[in-house]
Amino acid sequence: MIWLFQMIAATILFCPFIALLLLYMIGKKMKLATTQAFGYAADVATPILFLSVSLAIKGIWQVKVLLWMIILAMIVAMIFTYSNWRTEKEIEVAPLLRRIWRFYFIALVILYFAVIVIGITISVLDYVKVV
């Protein structure tokens, strides 16, 4: 039974869009609007993407980047907060956190696809060089 849980967790970590799709479908079954269901799915999938990107980078280049990603995320949050404070003078926490979290989601999706494409390219080039 534990191996089943491990297989599911590994699949979700290495293919986070399965989790995104499942969470979106759950949101739609709960009768949420399409944008609300996708927002819910994106919010929950963001920490999975943090782990997936760091694991993909570690798998390709053998470099641990999770700590650096967390530090960069904190810097981005500070920049967003400062920018919000300079423009609005009154910081509303919930919308600010939502904006930051959605930015992380978009940035991590782009980074995930870039790392996967680079990894596949490196694998193909290694294969062609060997053969």
Side-chain angles (χ1 to χ4, degrees):
M1 185 66 172
I2 249 174
W3 64 270
L4 179 64
F5 176 73
Q6 289 174 338
M7 297 269 286
I8 292 170
T11 302
I12 288 173
L13 278 177
F14 284 105
C15 197
F17 297 103
I18 292 173
L20 181 70
L21 183 64
L22 288 173
L23 291 166
Y24 175 75
M25 290 189 318
I26 289 170
K28 289 303 285 182
K29 289 288 183 194
M30 293 172 44
K31 307 244 188 262
L32 294 175
T34 302
T35 55
Q36 246 184 335
F38 187 78
Y40 164 75
D43 289 344
V44 176
T46 301
I48 297 170
L49 277 165
F50 265 104
L51 293 173
S52 296
V53 169
S54 72
L55 286 174
I57 290 173
K58 187 175 185 309
I60 295 171
W61 292 290
Q62 288 75 38
V63 176
K64 295 180 181 179
V65 295
L66 184 59
L67 180 62
W68 293 107
M69 287 175 61
I70 292 171
I71 291 170
L72 182 62
M74 294 166 106
I75 292 170
V76 167
M78 286 189 274
I79 291 169
F80 268 70
T81 304
Y82 180 76
S83 173
N84 191 5
W85 173 72
R86 293 294 287 171
T87 57
E88 297 179 17
K89 297 291 184 198
E90 184 68 34
I91 297 176
E92 293 183 32
V93 176
L96 174 64
L97 289 177
R98 188 176 314 115
R99 202 171 318 129
I100 292 168
W101 202 245
R102 299 286 165 84
F103 173 79
Y104 292 158
F105 176 76
I106 292 169
L108 288 169
V109 165
I110 293 169
L111 187 59
Y112 181 80
F113 278 123
V115 168
I116 294 302
V117 167
I118 290 169
I120 290 171
T121 305
I122 289 171
S123 295
V124 168
L125 291 175
D126 283 346
Y127 178 75
V128 170
K129 189 186 328 180
V130 171
V131 173

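Just so you know, residue 1 is the first one in the sequence shown, and it goes up from there. Computed from heavy atoms alone, side chains included, the values below leave out hydrogens, waters and symmetry copies.
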**Q** Using the salt bridge (charged side-chain N to carboxylate O under 4.0 Å, His left out) rule, collect all pairs that involve residues 102-120, keeping only residues at least two apart or in two chains.
**A** Asp43-Arg102

**Q** Walk me through it: do Lys28 and Thr34 pass the test side-chain contact (heavy atoms from CB on, under 4.5 Å)?
**A** CA-CA 7 Å; Lys28 289 303 285 182; Thr34 302; 3.0 Å; yes

**Q** Please report the shortest heavy-atom distance between Ser54 and Met69, naming the atom on each side.
**A** CB-SD, 3.9 Å

**Q** Answer with yes or no whether the hydrophobic clustering places Tyr40 together with Trp101; edges join I, L, V, M, F, W, Y residues whose side-chain heavy atoms lie under 4.5 Å apart.
**A** no

**Q** CD1 of Ile70 to CG of Leu66: how many Å apart, nearest 0.5 Å?
**A** 4.0 Å

**Q** Just jot down the side-chain hydrogen bond (donor to acceptor under 3.5 Å, both in side chains) partners of Thr35, sequence neighbours excluded, or say none.
**A** none

**Q** If you group Ile, Leu, Val, Met, Phe, Trp and Tyr by side-chain heavy-atom gaps below 4.5 Å, do Tyr82 and Ile91 land in one group?
**A** yes

**Q** On a heavy-atom basis, which atom in Pro16 and which in Leu49 lie closest, and how many Å separate them?
**A** CG-CD2, 3.6 Å

**Q** Between Phe80 and Val76, is any pair of side-chain heavy atoms under 4.5 Å apart?
**A** yes

**Q** Out of curiosity, Leu32 CG to Phe38 CZ, how far, rounded to the nearest 0.5 Å?
**A** 14.0 Å

**Q** Looking only at heavy atoms, what is the nearest atom pair of Ile48 and Ala19, with distance?
**A** CD1-CB, 3.9 Å

**Q** Can you give the donor-acceptor pairs under 3.5 Å from side chains of residues 103-116 to other protein atoms, not counting sequence neighbours?
**A**
| from | atom 1 | to | atom 2 | distance (Å) |
| --- | --- | --- | --- | --- |
| Tyr104 | OH | Ala73 | O | 2.3 |
| Tyr112 | OH | Phe14 | O | 2.6 |

**Q** Trp3, Ile8: one ILVMFWY side-chain cluster at the under-4.5 Å cut-off?
**A** yes

**Q** Going by salt bridge (charged side-chain N to carboxylate O under 4.0 Å, His left out), name the pairs with one or both residues in residues 63-83, residues two or more places apart or in two chains.
**A** none

**Q** Are Val117 and Leu55 linked, directly or through other ILVMFWY residues, by side chains that come within less than 4.5 angstrom of each other?
**A** no

**Q** How is the hydrophobic cluster of Ile79 composed, in terms of its other members, when Ile, Leu, Val, Met, Phe, Trp and Tyr link through side-chain heavy atoms under 4.5 Å apart, directly or indirectly?
**A** Leu67, Trp68, Ile71, Ile75, Met78

**Q** Check whether any side-chain heavy atom of Ile118 sits under 4.5 Å from a side-chain heavy atom of Trp61, and report yes or no.
**A** yes

**Q** How long is the span from the CZ atom in Arg98 to the CD atom in Glu92, to the nearest 0.5 Å?
**A** 10.0 Å

**Q** Can you list every pair that meets salt bridge (charged side-chain N to carboxylate O under 4.0 Å, His left out) and has a residue in residues 1-10, with sequence neighbours left out?
**A** none

**Q** What I'd like to find out is whether the side chain of Leu125 reaches to under 4.5 Å of the side chain of Lys129, using heavy atoms alone.
**A** no

**Q** OG1 of Thr121 to CD1 of Ile60: how many Å apart, nearest 0.5 Å?
**A** 9.5 Å

**Q** Once rounded to the nearest 0.5 Å, what's the spacing between atom CG of Leu23 and atom CD1 of Ile18?
**A** 12.0 Å

**Q** Examine Trp85 and Leu97 and state if one hydrophobic cluster contains both, with Ile, Leu, Val, Met, Phe, Trp and Tyr joined whenever side-chain heavy atoms are less than 4.5 Å apart.
**A** no

**Q** Just verifying a value: how many Å separate Ile57 CD1 and Gln62 CD, rounded to the nearest 0.5 Å?
**A** 12.0 Å

